[in-house]
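The next block holds one structure in the form of structure tokens; read it before the comments.
Residue numbers start from 1 in every chain, and the chains themselves are labelled A, B, ... in the order their sequence lines are given, proteins ahead of strands. The figures that follow rest on heavy atoms only: side chains count, while hydrogens, waters and symmetry mates do not.
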Protein chains: 2
Amino acid sequence: MENIDEVKILFRAFLDEKGQRKTPERFAILEQIYDLTDHFDVEFLFLKMKNKNYRVSRATVYNTLDLLIECGLVVKHQFGTLTALYEKSYGYKQHDHLICRKCNKIFEFCDPRIQQIQSTMGKLLKFKVEQHSLMLYGDPEVDIDSKCLRCQLTIN
Amino acid sequence: MENIDEVKILFRAFLDEKGQRKTPERFAILEQIYDLTDHFDVEFLFLKMKNKNYRVSRATVYNTLDLLIECGLVVKHQFGTLTALYEKSYGYKQHDHLICRKCNKIFEFCDPRIQQIQSTMGKLLKFKVEQHSLMLYGDPEVDIDSKCLRCQLTIN
DNA sequence: CTCGGTGCAAAGCTTTTGCATCCGC
DNA sequence: GCGGATGCAAAAGCTTTGCACCGAG
């Protein structure tokens, strides 16, 4: 992660502004999140840090994630499963997700029309819309042997 | 609910086709869901039925909801909270949701551009997209006394 | 030194599962 | 009557909370 320092500076500024302490745990969590490239859940992050011999608790992970979400460095997703997934968001252009109903893989995409919908509906309903979440769910196209073109799994 | 009979016929046909039993509990749950006009969670539905002296268990509610979702009579939402919310979907045009970040009220809207995004991205990523979920999150416009124009709550 | 933040474990909530009983077919 | 569906309660899984201790300011 080349811009990890930039991200830490932003987090530091946010904590300052909120009168929150700048603890080593918070920066360690931020660092480990920005080391990941994919979506992750709390348990995954917690274990990743345990394995690296960080001394952190789940409680602190949850607490820090809330802070990171509040300052926009992380986004939280509920992809229809029980467990929430998180994702770093600095330096990443806003994107949405397509979820495969066969293998649950997640694909990312962008479409500028979402911004238009957002602004149209904001005006109509009298809201300042500042965030959105669009998920598409679908079945993959398959080849003649019923194998998914993307993950090679054979579909029923 | 004027079209409850229609809905029951659809459910019956679906159960037939799947070789599933047509138990009174399943139809009672369907009936109670279609009696509701708003989003609801499992506990709310379960208690509503308990209060009306139906003899149902949470397990059956969950099981039946899965069936109703599968046949398209109910949709499930995860609005970023722990608890899933459900909603009847027959005779309702497909719509999406705007969630107020101040009071958590949910507003519904439609925008045909979502269908276009769905079909564009389906083609691009080689998926048959058959479902989507779009949520907009925002703050309400307020009057000069900082009172929300919609729910009259005073916003910090 | 103070008091907010942390680790740990227990509690809380939603959802799932196991099992004996029931009843649709 | 058979086997799937149900009710109940216990278990499982994710998240939050309580409390004593620690360490940032």
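- A:Val75 and A:Phe44 end up in different hydrophobic clusters when Ile, Leu, Val, Met, Phe, Trp and Tyr side chains are linked at under 4.5 Å.
- For B:Ala59, counting side-chain heavy atoms from C-beta on, the closest listed nucleotide (D:dT6, C:dT17, C:dG7) is C:dT17.
- Side-chain nitrogen and oxygen atoms of A:Thr83 include at least one within less than 4.0 Å of the OP1 or OP2 phosphate oxygen of D:dC14.
- If you check the side chains of B:His77 and A:Gln78, you find no donor sitting under 3.5 Å from an acceptor.
- The residues A:Glu87 and A:Lys76 are annotated as not salt-bridged, no charged nitrogen and carboxylate oxygen being separated by less than 4.0 angstrom.
- When heavy atoms are screened at a 4.0 angstrom cut-off, A:Asn63 is found touching the sugar-phosphate backbone but no base atom.
- As a whole-Å value, the separation of A:Glu25 CD from C:dG4 P is 17 Å.
- In the set D:dG3, C:dG7, D:dT6, D:dT6 carries the atom at the smallest distance from any side-chain atom of B:Arg26.
- Interface residues of residues 42-51 of chain A facing DNA chain C, ordered by number: A:Lys50; criterion, heavy-atom separation under 4.0 Å.
- The residue among A:Gly19 and B:Lys22 whose nearest nucleotide of DNA chain C is located toward the 5' end is A:Gly19.
- Contact annotation: side chain of A:Arg21 to base of C:dC3, donor-acceptor pair present below 3.5 Å.
- Between the P atom of D:dT6 and the CG atom of B:Leu65 lies a distance of 12 Å, rounded to the nearest Å.
- Between B:Phe27 atom CZ and C:dG24 atom C1' the separation is 12 Å, expressed in whole Å.
- Across the protein-nucleic acid pair, B:Asp66 atom CG and C:dT14 atom P stand 17 Å apart, rounded to whole Å.
- Within the 4.5 Å cutoff, the side chain of A:Glu6 has heavy atoms near those of the A:Tyr90 side chain.
- Protein atom CG of B:Leu82 is 10 Å distant from nucleotide atom C1' of C:dT15, rounded to whole Å.
- Distances shown here put every side-chain N or O of B:Tyr62 at or beyond 4.0 Å from the OP1 or OP2 atom of C:dT16.
- What separates NZ of B:Lys18 from C1' of C:dG24 is a distance of 18 Å, to the nearest Å.
- Using modelled atom types, one finds a donor on one side chain and an acceptor on the other under 3.5 Å when comparing A:Arg113 with B:Thr120.
- At whole-Å resolution of the value, CZ in B:Arg58 and C1' in C:dT17 are 15 Å apart.
- For D:dG4, the OP1/OP2 oxygens have no side-chain nitrogen or oxygen of B:Gln20 closer than 4.0 Å.
- Here C:dT15 presents its C1' atom at 9 Å from NZ of B:Lys76, a figure rounded to the nearest Å.
- Between B:Arg58 and B:Glu43, at least one side-chain nitrogen of the basic residue sits less than 4.0 Å from a carboxylate oxygen of the acidic one, meeting the salt-bridge criterion.
- When side chains are defined from C-beta on, B:His132 counts as touching B:Asp96, because their heavy atoms get closer than 4.5 Å.
- The listed nucleotides are D:dT15, C:dT15, C:dG7; the one nearest the side chain of B:Ala84 is C:dT15.
- In summary, A:Asp139 and B:Lys128 do not engage in a salt bridge, as defined by a charged side-chain N under 4.0 Å from a carboxylate O.
- Residue whose closest nucleotide on DNA chain C sits further toward the 5' end, between B:Gln78 and B:Thr23: B:Gln78.
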